[in-house]
Peer 1: 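The structure follows.
Whatever order the structure lists them in is the order used to number ligands and atoms, beginning at 1.
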Amino acid sequence: MTAATELVVRAEAVAREGADAFSGAGSLDDLAEAERQFLGKSSALNEIREAIKSVDGSERAVVGKAVSGARAELEAALSARREVLSASAAELSATRERLDVTLGGHEYVRGHLHPVTRIWRELEDVFVGLGYKVAEGPEVESDWYNFESLNFPPGHPARAMQDTLYVRLGAPETVMLRTHTSPVQVRTMEKQKPPIYVVAPGRAFRRDTLDARHSPVFHQIEGLAVDEGITLGDLLGTIEAFIHALFGTDLKARFLPSFFPFTEPSLEFAMSCVFCRGEGCTVCSRTGWVELGGAGMVDPNVFAAVGIDPEVYSGFAFGFGIDRLVQLLYGVDHIKNLWDGDVRFISQF
Ligand code: FA5
């Protein structure tokens, strides 16, 4: 074999070997390394090209052709492989860096109104539907509004029915947390002339020991209607209308004589038990009735305290516990469950 033939064979072998190395490169880095090896300055192909000088002049063209053929083959294989590797690298980084906007964000748990707030608002709606307005009064009250104007003179035994929480302000035992919402009756009649139709939902406070149905802080809704010719029949009809609006017409209202210093006559009202519909169950102590609150015709002494003429006007008032109502509606066996801040409990309603 002549020196020229030998160089041609070597060039063809290098071309095959290089083409294999390029197509086997797994990454662009591997490909760059193979490029250096087969097409770089110190590559075998360069050595062959250098060696052309040593062959006979007549044979140089053959060797030169073989070298450039090998180079062309290598460059074609290199660029084909580079194209493939670049495309897959671009695809990989696109996959890695892709922002998947279809993934959901963090879930925000939406709360809901406390059941007492919900029933409070429902009660307002029922009475507004009956033509009443909503009134408000302060939670810290004077002896005058909480007791005296409501016909509880100092030392009256009826004061003992409402264990009072006094506030250290002014003379001893003259400022207190209101024990009921009834002071709003007086505040409304001071400001407004009859006809008056108001309801006043709000917080009340008593030095009551916590038990299943008593809490030192609770909610009441007061009602007051003053007009010409108001009778006890209107009171009974109004209470029945509210019970029917809230609970349905198959539930009945019951009225029993009672005593409150600011109403005469006075009564307590109850409704047939929502759980047994009057049949008798543990919730209503097998009586079929649950007590809701007190009511009565406005006492002439209260009218006198606010300057309304009892010969011209008459009126009725009622007041009942909202927490108790919620307990009944939702079957809450202990009042503290409504207020001890356990979201797991409240979120059931
Ligand atoms: C009164 O508070 C009168 N002001 C009601 C009234 C208004 C009578 C207008 C006449 C005219 P009494 O103390 O009975 O009445 O309370 C009424 C209701 O408030 C009770 O039936 C009960 O539902 C609720 N209540 C009273 N004390 C508590 C307490 N500690 N915890 C939860 N609810 C209570």
Peer 1: Taking distance alone, with no angle check, do Gly321 and ligand 1 share an N/O pair under 3.5 Å?
Peer 2: yes

Peer 1: With the threshold set at 4.0 Å, does a side-chain nitrogen-carboxylate oxygen contact exist between Glu33 and Arg36?
Peer 2: yes

Peer 1: Is the closest heavy-atom distance from Phe262 to ligand 1 below 4.0 Å?
Peer 2: yes

Peer 1: Does any N or O of ligand 1 fall below 3.5 Å from an N or O anywhere on Glu222, backbone included?
Peer 2: no

Peer 1: Before signing off on this row, confirm whether Thr179 and ligand 1 have an N or O atom pair separated by under 3.5 Å.
Peer 2: no

Peer 1: So that I can tick it off, tell me whether Asp323 and Lys336 are bridged by a salt bridge, with the cut-off set at under 4.0 angstrom between side-chain N and carboxylate O.
Peer 2: no

Peer 1: Can you see which heavy atom on Asp211 is nearest to which on His334, and at what distance?
Peer 2: O-CE1, 3.2 Å

Peer 1: Does any N/O atom on Gln185 come nearer than 3.5 Å to any N/O atom on ligand 1?
Peer 2: no

Peer 1: Would you find a donor on one side and an acceptor on the other, under 3.5 Å apart, between the side chain of Glu141 and the backbone of Met176?
Peer 2: no

Peer 1: Is the closest N or O pair between Thr263 and ligand 1 shorter than 3.5 Å?
Peer 2: no

Peer 1: Heavy-atom distances under 4.0 Å are what count here, so tell me which part of Thr181 touches ligand 1: side chain, backbone, both or neither.
Peer 2: neither

Peer 1: May I ask you to identify, for Phe318, whether its side chain, its backbone, both or neither come under 4.0 Å of ligand 1 on a heavy-atom basis?
Peer 2: backbone

Peer 1: Heavy-atom count around Glu136 CD within 6.0 Å, excluding the residue itself: above 12?
Peer 2: no

